[in-house]
Amino acid sequence: MALRYDTPSLMRWNARAYDSSFGYVSAHGAPLIELLDPRPGERILDLGCGTGVLTADIAARGTTVMGMDGSAAMIEVAISQHPGLDFMVGEGANFGVSIPYDAVFSNAALHWMGRDPDSVIRCVRSALTPGGRFVAEMGGAGNCAALTSAMLTAWREYGLPEPELPWYFPSPAEYAVRLERCGFTVRLLEYFDRPTPLDECPNGAADWVRVFAGSLLEGVPPATVEPLLRRVNELAAPALRRESGWVADYVRLRFAAVLA
Ligand SMILES: C[S@@+](CC[C@H](N)C(=O)[O-])C[C@H]1O[C@@H](n2cnc3c(N)ncnc32)[C@H](O)[C@@H]1O
């Protein structure tokens with residue numbers, strides 16, 4: 001198994017920090033697994049599986065699961081934490097499978113694959129049997145608007161070039177059209193606010209930026225990183241800090257589609 005590279009479109013993930021501080025990402029995946037409704041004996045691909053927490057939950061339903069992720073660091077952690085399961089490094093916009101799957105599942109990953117969303121959907125189609133299911137949740141239009149607005153303002157205030165945000169947050173209509181054009185029938189499509197407590201992030205928005213936008217910090221002079229992140233916190237606090245702690249302004253798009 002090739003574990004030495006990250007796929008080219010990826011930012012580098014700190015896989016261990018991801019689980020300890022952002023375990024809520026997979027914790028929110030339970031309703032999506034219910035929507036997937038995995039049945040014993042089915043073959044399922046978990047696209048953008050990260051550290052494999054949900055891959056393991058799907059396997060526990062008696063299915064045969066392959067977890068695929070573009071980050072070698074994530075896959076290394078997945079393999080070490082779930083030794084009996086199959087994982088591989090693979091690029092969501094450019095993969096093929098030798099034996100098709102009954103379903104492709106994806107949680108919180110498709111918005112990272114925004115450079116060429118149609119290629120991702122085409123790869124999913126080619127990975128499915130006729131009648132196969134594509135069940136996923138991703139960030140939708142307006143996701144993390146307060147967080148990203150604070151980032152853009154802080155970057156501008158520090159005279160830094162405007163960062164190219166790495167996410168793709170489509171509207172429900174846009175993504176449904178992409179799915180249908182590619183031969184899927186959309187059976188369910190939900191678009192909803194999901195304010196998400198950042199319980200394990202004592203530094204609030206700054207912690208979020210470090211894990212989810214770490215690649216944007218690579219271009220920032222080291223001495224500027226801390227004050228820049230403090231400023232992100234100041235700017236984001238009025239919208240996102242409550243007495244109970246920080247709450248990220250997540251907006252989700254959840255869908256179940258079937259290959260005609
Ligand atoms: C927020 S994590 C979600 C992980 C997991 N699904 C979960 O629920 O915890 C997003 C994952 O998508 C993966 N990813 C991002 N871009 C990708 C791409 N182009 N191809 C494959 N995986 C990708 C990342 O490496 C990361 O592990």
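Fair warning: this is a prediction, and the values are worked out from it, not measured in the lab. One-based numbering along the sequence shown. Each ligand, and each atom within it, is numbered from 1 in the order the structure gives.
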Atoms of ligand 1 less than 4.0 Å from [X] heavy atoms?
{"X": "Ser71", "result": "25 (O)"}
{"X": "Met74", "result": "27 (O)"}
{"X": "Gly70", "result": "21 (C), 22 (N), 23 (C)"}
{"X": "Trp112", "result": "1 (C), 10 (C), 15 (C), 16 (N)"}
{"X": "Leu54", "result": "8 (O)"}
{"X": "Gly90", "result": "20 (N), 21 (C)"}

Next on the checklist: Would Arg43 pass as a cation-pi partner of Tyr101, given that its NZ or CZ must be under 6.0 Å from the six-membered ring centre and within 45 degrees of the axis?
Outcome noted: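 Here Arg43 passes the 6.0 Å and 45° test against Tyr101.
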Next on the checklist: One thing to verify: whether Glu34 and Arg61 come together as a salt bridge, which I'm taking to mean a side-chain N less than 4.0 angstrom from a carboxylate O.
Outcome noted: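 Looking at Glu34 together with Arg61, the answer is yes, because their closest N to O distance falls below 4.0 Å.
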Item to check | salt_bridge(Arg241, Glu234) N-O dist < 4.0 Å | outcome: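 No.
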Next on the checklist: Quick check: closest heavy atoms across Leu147 and Ala248, and the distance to 0.1 Å?
Outcome noted: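 Taking Leu147 first and Ala248 second, the nearest heavy atoms are CD1-CB, 4.1 Å.
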Next on the checklist: Restricting to salt bridge (Lys or Arg N to Asp or Glu O under 4.0 Å), what partner residues turn up for Asp116, sequence neighbours left out?
Outcome noted: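 For Asp116 there are no salt bridge (Lys or Arg N to Asp or Glu O under 4.0 Å) partners, ignoring immediate neighbours.
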Item to check | Selected option - heavy-atom contact closest to atom 10 (C) of ligand 1, from Ala108, Gly48, Gly52, Ala93 | outcome: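 Considering heavy atoms of Ala108, Gly48, Gly52, Ala93, the nearest to atom 10 (C) of ligand 1 sits in Ala108.
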Item to check | Heavy-atom proximity to atom 18 (C) of ligand 1, best of His28, Met68, His111, Met113 | outcome: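 The option holding the nearest heavy atom is Met113.
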Checklist entry - In terms of side-chain heavy atoms, does Glu174 have a donor or acceptor partner in Tyr168 at a distance below 3.5 Å? => result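 The criterion, which ignores hydrogens and geometry beyond distance, is satisfied for Tyr168 and Glu174.
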Item to check | Region of Cys49 engaging ligand 1 - heavy atom pairs below 4.0 Å | outcome: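 The answer is the backbone.
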Item to check | Inter- and intrachain pairs under salt bridge (Lys or Arg N to Asp or Glu O under 4.0 Å), touching residues 154-164, at least two apart | outcome: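 Applying salt bridge (Lys or Arg N to Asp or Glu O under 4.0 Å) to every pair that reaches into residues 154-164, excluding sequence neighbours, yields Glu157-Arg231.
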Checklist entry - Looking only at N/O atoms, are Glu91 and ligand 1 under 3.5 Å apart anywhere? => result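 Indeed, backbone or side chain, Glu91 has an N or O that close.
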